[in-house]
Amino acid sequence: MNDRNELEARLETATRLARSAGAIQRERYESRLQIDTKSASIDLVTEVDRACEALIVDGIRAAHHEDAILAEEGGDHVRADNAATGYRWVIDPLDGTVNFAHGFPRFCVSIAVEAEEGESLVGVVYDPLLDECFTALRGAGARLGDRLLAVSGAPRLGDALVATGFSYDVHSSDHDNLSQFGQMVKTARGIRRDGSAALDLCYVAAGRLDAYWEFKLHPWDVAAGRLIVEEAGGRTSNVGGGPAPASGAEIVSSNGRIHEEVLAVLRANDSRRSRFRCVDR
Ligand code: IPD
Ligand code: CA
Ligand code: CA
């Protein structure tokens, strides 16, 4: 059982650090950037990703020095082992780096605190350009600023605005989400690819989107947003309908009402399944 005061202290720290990192992003938005590539030529990291991560990690070390930290850009300062306190921070210092690098105004800071088992207890996602701060504390609801969030009431996928994304190996991998995306275009009212998984999840929580799914994400992409959706009354799962893995390997999120319809489209259009069927014949 986690202590409520401990969690509230970490929520306060996460919110403060997300706002500070967001201020760096706001200042450097549309400025000249040093940009490097990571796993693929389309997987970018900028000096701003690194500066935001350093600020957040330093802030956690100062306030909660015994907690463990998993941060996307890594580095000597990051410890991903067991914390003395049982808490682990999971940080995406800039979610939406490709957008940021192109001056497309959709990116955020995502910070979560997990229990040892990988269950998110605190989630903060901050959009610096809109000055929108999404927060959640497990069992206490999700908020945008002070306002409690609730998912939409869309009853059918045909009435739904849905979002997705594509992983950085999309140029080379067959597990590319394209057949699922194609069928969703034909089924949902509308579909978006906005380039920030954490904000997509928060938009499901806020009822701006009715569903969002993606494959091959990482823990830092989903740790905060998943909690925010669940605390807003939404559902998250894997494609089989079981719990969404903390690894981010697959996540389907929705207002709950349309969840089975979304899962049915994803299952029926899995490019790997049709390939396996061809091989079987
Ligand atoms: C990416 C964004 C994007 C999603 C990618 C993620 P990054 O995170 O969330 O929306 O489609 O799969 O990797 O690299 O900008 O932190
Ligand atoms: Ca990310
Ligand atoms: Ca990132």
Side-chain angles (χ1 to χ4, degrees), residues 1-15 17-18 56-57 60 63-72 78-93 95 108-126 133-144 148-151 197-206 211-256 259 263:
M1 190 61 189
N2 298 98
D3 184 280
R4 180 65 183 242
N5 291 335
E6 288 177 2
L7 293 180
E8 279 175 356
R10 284 164 176 80
L11 175 62
E12 198 272 319
T13 303
T15 305
L17 295 174
I56 295 165
V57 169
I60 295 167
H64 310 281
H65 67 277
E66 292 194 306
D67 290 1
I69 299 174
L70 174 67
E72 178 179 7
V78 174
R79 218 178 58 196
D81 54 355
N82 282 339
T85 56
Y87 294 116
R88 181 170 81 151
W89 294 68
V90 183
I91 301 157
D92 191 333
D95 185 51
C108 65
V109 183
S110 175
I111 303 178
V113 182
E114 293 180 342
E116 264 170 309
E117 325 77 63
E119 181 195 36
S120 295
L121 302 171
V122 167
V124 174
V125 173
Y126 180 59
C133 192
F134 299 86
T135 60
L137 195 60
R138 179 147 319 262
R143 289 179 164 72
L144 170 50
L148 267 176
L149 292 177
V151 291
L199 281 178
D200 288 334
L201 287 163
C202 290
Y203 278 25
V204 173
Y212 159 74
W213 87 94
E214 189 161 342
F215 304 112
K216 299 195 258 186
L217 289 168
H218 297 283
W220 42 82
D221 297 309
V222 297
R226 190 179 56 163
L227 175 67
I228 292 169
V229 171
E230 290 167 2
E231 286 298 320
R235 181 173 163 197
T236 67
S237 76
N238 62 14
V239 175
S247 68
E250 53 185 64
I251 185 159
V252 185
S253 65
S254 80
N255 65 3
H259 207 83
L263 293 180

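Please read these numbers as outputs of a predicted model, since none were measured by experiment.
- Here the side chains of Asp200 and Val204 are not in contact, with every heavy-atom distance at 4.5 Å or above.
- Between the CD1 atom of Ile60 and the CZ atom of Arg88 there is a distance of 12.0 Å, given to the nearest 0.5 Å.
- Atoms CZ and CG, on Arg4 and Leu11 in that order, are 9.5 Å from each other to the nearest 0.5 Å.
- For the pair Glu6 and Leu121, the minimum side-chain heavy-atom distance is 4.5 Å or more.
- A heavy-atom distance below 4.5 Å is found between the side chains of Thr13 and His64.
- Contact detail for Ala197 and Glu214: the closest heavy-atom pair is CB-OE1, 4.4 Å.
- To the nearest 0.5 Å, atom NZ of residue Lys216 and atom CD of residue Glu250 are 11.5 Å apart.
- Arg226 places no side-chain N or O within donor-acceptor distance of the main-chain N or O of Thr236, the cut-off being under 3.5 Å.
- Nearest heavy-atom pair, Ala71 versus Val57, reported as atom, atom and distance to 0.1 Å: CB-CG2, 4.4 Å.
- Proximity of Val124 to Cys133: side-chain heavy atoms (C-beta onward) are separated by under 4.5 Å at one or more points.
- Note on Arg143 versus Glu231: no salt bridge recorded, every NZ/NE/NH1/NH2 to OD/OE distance being 4.0 Å or above.
- The two residues Ala136 and Leu227 have their closest heavy-atom pair at O-CD2, 3.8 Å.
- Rounding to the nearest 0.5 Å gives a distance of 5.5 Å between CG of Asp92 and CG of Asp221.
- The nearest pair of heavy atoms linking Val229 to Ser253 is CG1-CB, 4.3 Å.
- Here the side chains of Val109 and Ile56 are in contact, with some heavy-atom distance below 4.5 Å.
- Residues Val90 and Trp220 come closest through the heavy atom pair CG1-CA, 3.6 Å.
- Under the 4.5 Å side-chain criterion, counting only non-hydrogen atoms from C-beta, Asp95 is not in contact with Leu199.
- A donor-acceptor pair under 3.5 Å is formed between the side chain of Arg138 and the backbone N or O of Ser120.
- When all heavy atoms are compared, the tightest approach of Leu263 to Asn238 is CD2-O, 3.6 Å.
- To the nearest 0.5 Å, atoms CD1 (Ile228) and CG (Leu137) are separated by 11.0 Å.
- You'll find the side chain of Ile251 reaches within 4.5 Å of the side chain of Leu201, heavy atoms only.
- Counting heavy atoms from C-beta on, the side chains of Tyr87 and Leu7 come closer than 4.5 Å.
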